[in-house]
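Report on the structure given below.
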Amino acid sequence: MCGIAGFTGRYDDAAGILSRMLDSIAYRGPDMRGERVEPRMAFGWLRLAIIAPEGGYQPRHDEASGDSLIFNGEIYDYQNVARQLQAEGIHLADTSDTEVLFQAIRHWGLDAALDRLDGMFAFAYRDGEDGSITLVRDRFGEKPLYYAERQGQLIFASEIKALLEHPALDAVGPDIAGLHDFLHFEYVPGIETGWLGIRRLAPGHMLRWDAEDGLDDLDAQECYWHPSRYPVASDNAPTYEDAVAAIGQSLERSVAERLVADVPLGLFLSGGLDSGLIAAYAKRHKPDITAYTIRMPSGSYDETPYTVRVTEHLGLDHKVIDLSDDDVERVFLKATGMLDEPMADASLIPTYLVCEAARQHVTVAIGGDGADELFAGYAPMRLLKYAGMIGAVPSCAGRALRRLLSLAPPSGGYMGPGFVLQQMSQGFGQPEGDQWHHFMSPFPPEMLARLIPDADALHTRTLDAADGVDLIDDVSRQFLEHYMTGHILTKTDRASMYNSLELRAPFLDRKLAEAALALPSAYKYAGGKGKRLLRSLAEGMLPKEIIRRPKHGFAPPLSDLLRGPLRTAIGDVLNQRDHVLDGWLNHDYVMTLWDQHLKGRADHRKRLYALYILKRVYVRA
């Protein structure tokens, strides 16, 4: 697990530039550092030592050919790939997955190597023969990679803040179209980032920079893997019972592979089905593993009683971390202050805290990310059977319902009826495949129009629908391709890496995911509940009350926190007038929303948190 940064072109202070880029993300790799500066290229690397600490040094370079590699992440089952390489006569300099990746690309070529490898990774490979550099990102986007081009030269890094240390990007500013999308999605979907001219490499994609011609196009990314390539096998699908058994075998194998580390390892437990299954399989292969849980300060948000039930059932060591008011303010200011792109997932706060606590004992943790996307677990799935009726209701009816709900006192609890109805009303009149992200949006159209005076000049991005699949599969793939990458995995990467902790997701195993994508939606969603197959798999492994629990998000009591320990921190930022976004955002309306929330007249938790993140991220612009 590492951080990487690099650029091409001639600079008098190339070594200093690279050093400053690495310094800005030093938490990603506190154990080791490597830099290679050539007349027209600089590669830099930071290491959090997990596998073969005595080896794996980067940049990996071959003097004879000029080939070079910098790599962030983990290659799972790399020992098997190493044996294949050695059987074909390839000498490996050490036993690290870095060496395996480097020699696999050199021996089999990039495309063939990727086809043989599974893992979470982002890397840059320089072909010594033609001088080209190829950026590559893993299939699901577990590891980040960003890039920009200036005067035909490539600049790239694991995080945007490192790019901003490069002198060619010191004047870059906000991308207003991207920020409009952020206020709808709570993240910027796709390859845009909210910064002008800075792109993110999409999951399952690569980008080739040519030494002679640069990039063909800033957006010219080549796809090597995509979930739509694994259509539902309707004609030859396995029986439901066989599918349950096969997914169980794949998940257990995946957990076992992700328990491989030369450093201490633990697991995150939320009290739900997904992490419970991971815990059950982890216990089989590592009986002494410790589970870490956050205790929320509000009853409707706290899942600790369920985590205790799981750990007692499995006989796991269990550490519970309380989310106190002091912790909330400290973690909130620190974690949100480190963000360099707009991402308004408030569960960053408890995720950061559990990562911080776990890092005192372990260097690697495993969790349950990916299950909701692959097995139709998200709450909006329950509304899909009514999607036709919801789409037929005029959007004006949604506005009327929201006005009516605004007259009732807000509850502030987890998924209270008023909050749920308000969010659901935002999907009225929307196409069936788009309703899910309107349900989750912080701002309905009429509020966005008041917030952004020239909102009519901008249009909310429409996410591409999949062809030839039912609505459950279509929405599940959108969650997988957009929400998981831009929202969930961005949050978990930052929360873990800010604490120099590696976080692994067994559900995002390549073979498991490809098998799940090909299963009929009836295997995943039935009887008004998602994750049908996983519930069957958990029978006999977990307590029945855990198996039957509805989806519960890992959310803090944000509505109350805004009026309590976070009131000063958020209020100070929202009230800033000398800001790069002044003139674009209606400041008076922002303060109206803040006043209404503080006085208990409305629940603007999602809106205010999104606006806080927006102003906090771009304070440096």
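Note that these values count all heavy atoms, side chains included, but never hydrogens, waters or copies made by symmetry.
The side-chain hydrogen bond (donor to acceptor under 3.5 Å, both in side chains) search around Glu329 returns none, not counting sequence neighbours. Residues forming a ring-ring contact (aromatic ring centres under 6.0 Å, His included) with Tyr281 (at least two apart in sequence, or on another chain): none. Legend: residues meeting side-chain hydrogen bond (donor to acceptor under 3.5 Å, both in side chains) with Lys606, ordered by chain and number and at least two apart, are Glu186. With sequence neighbours excluded, no residue forms a side-chain hydrogen bond (donor to acceptor under 3.5 Å, both in side chains) with Thr363. Taking Arg359 as the reference, nothing meets the salt bridge (Lys or Arg N to Asp or Glu O under 4.0 Å) condition, with sequence neighbours excluded.
Using a distance-only test at 3.5 Å, with no hydrogens or angles considered, no donor-acceptor pair links the side chain of Asp473 to the main chain of Val475. At distances below 3.5 Å, not a single donor-acceptor pair connects side-chain atoms of Asp274 with backbone N or O atoms of Ala371. A donor-acceptor contact shorter than 3.5 Å is absent between the side chain of Ser559 and the backbone of Asp603. Judged by distance alone, with hydrogens and angles left aside, the side-chain atoms of Thr351 form no donor-acceptor pair with the main-chain N or O of Thr492 at under 3.5 Å. Counting only distance, with no hydrogens or angles, the side chain of Asn499 and the backbone of Cys355 share no donor-acceptor pair below 3.5 Å. Judged by distance alone, with hydrogens and angles left aside, the side-chain atoms of Thr490 form a donor-acceptor pair with the main-chain N or O of Thr485 at under 3.5 Å. Under a 3.5 Å cut-off, the side chain of Arg563 and the backbone N or O of His597 do form a donor-acceptor pair. Using a distance-only test at 3.5 Å, with no hydrogens or angles considered, no donor-acceptor pair links the side chain of Ser254 to the main chain of Ser250. No side-chain donor-acceptor contact under 3.5 Å links Tyr187 to the backbone of Ala344. Side-chain atoms of Lys334 never come within 3.5 Å of backbone atoms of Tyr352 as a donor-acceptor pair (strictly under, hydrogens ignored).
For the atom pair Leu561 CG and Ile570 CD1, the distance stands at 8.5 Å (nearest 0.5 Å). How far CG of Asp97 is from CD1 of Ile50: 10.0 Å, rounded to the nearest 0.5 Å. Taking CG of Leu517 as the reference point, atom CD of Glu373 lies at 11.0 Å (rounded to 0.5 Å). To the nearest 0.5 angstrom, Leu608 atom CG is 6.0 Å from Leu562 atom CG. Atom CD1 in Ile390 sits 10.5 Å away from atom OG in Ser425 (nearest 0.5 Å). Rounded to the nearest 0.5 Å, atoms OG (Ser496) and CD (Glu502) are 8.5 Å apart.
Salt bridge annotation for Asp77-Arg253: absent, with no cationic side-chain nitrogen under 4.0 angstrom from a carboxylate oxygen. With respect to Glu159 and Arg28, a salt bridge is recorded, a charged nitrogen being found less than 4.0 Å from a carboxylate O. Ion pairing between a basic and an acidic side chain is recognised when a charged N comes within 4.0 Å of a carboxylate O; Asp322 and Arg295 show such pairing. Note on Asp509 versus Arg504: no salt bridge recorded, every NZ/NE/NH1/NH2 to OD/OE distance being 4.0 Å or above.
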Step-by-step side chain to side chain contact (heavy atoms under 4.5 Å, CB included) determination, Leu183 to Leu611: CA-CA 8 Å; Leu183 291 174; Leu611 290 168; 4.2 Å; yes
Could you walk me through whether His184 and His438 pass the ring-ring contact (aromatic ring centres under 6.0 Å, His included) test, one step at a time? CA-CA 8 Å; His184 173 77; His438 287 273; 4.7 Å; yes
For the pair Phe140 and Phe507, evaluate ring-ring contact (aromatic ring centres under 6.0 Å, His included) and give the outcome as yes or no after the intermediate values. CA-CA 11 Å; Phe140 302 102; Phe507 279 107; over 10 Å; no
Chi angles and distances behind the salt bridge (charged side-chain N to carboxylate O under 4.0 Å, His left out) call for Arg535, Glu539: CA-CA 7 Å; Arg535 295 180 195 281; Glu539 291 289 344; over 6 Å; no
Please step through side chain to side chain contact (heavy atoms under 4.5 Å, CB included) for the pair His361 and Lys319, ending with a clear verdict. CA-CA 11 Å; His361 308 280; Lys319 293 188 181 300; 4.2 Å; yes
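Between Lys143 and the options Asp138, Asn72, Asp493, a side chain to side chain donor-acceptor pair (under 3.5 Å) holds for only Asp493. No option in Lys491, Arg616, Arg200 other than Arg200 meets the salt bridge (Lys or Arg N to Asp or Glu O under 4.0 Å) test with Glu341. Tested against Lys524 for a side-chain contact (heavy atoms from CB on, under 4.5 Å), the candidates Leu533, Leu519, Leu534, Ile472 yield a single pass: Leu519.
The environment of OH in Tyr306 is sparse: at most 12 heavy-atom neighbours from other residues, nucleotides or ligands sit within 6.0 Å.
Residues Tyr525 and Phe375 place their aromatic rings such that the two centres sit no closer than 6.0 Å. Taking the ring centroids of Phe185 and Phe443, they lie at or beyond the 6.0 Å cut-off.
The ring pair (Phe, Tyr, Trp, His ring centres under 6.0 Å) analysis of residues 229-256, with sequence neighbours excluded, yields the pairs Trp225-Tyr230, Tyr240-Tyr523.
Under a cutoff of 6.0 Å and an axis angle of 45°, Arg402 and Phe428 do not form a cation-pi pair. Cation-pi check for Arg137 over Phe121 is not met; the charged atom does not lie both under 6.0 angstrom from the ring centroid and within 45 degrees of its normal.
In this structure, a donor-acceptor pair under 3.5 Å is present between the side chains of Glu252 and His285.
In this pair, Tyr483 and Phe479 present their aromatic rings perpendicular. The plane angle is above 60°, beyond the 30 to 60° band.
Contact of the Thr290 side chain with the His318 side chain is not registered, since no non-hydrogen atoms from C-beta on lie closer than 4.5 Å. Looking at heavy atoms from C-beta onward, Pro380 lies out of side-chain contact with Met424 at the 4.5 angstrom threshold.
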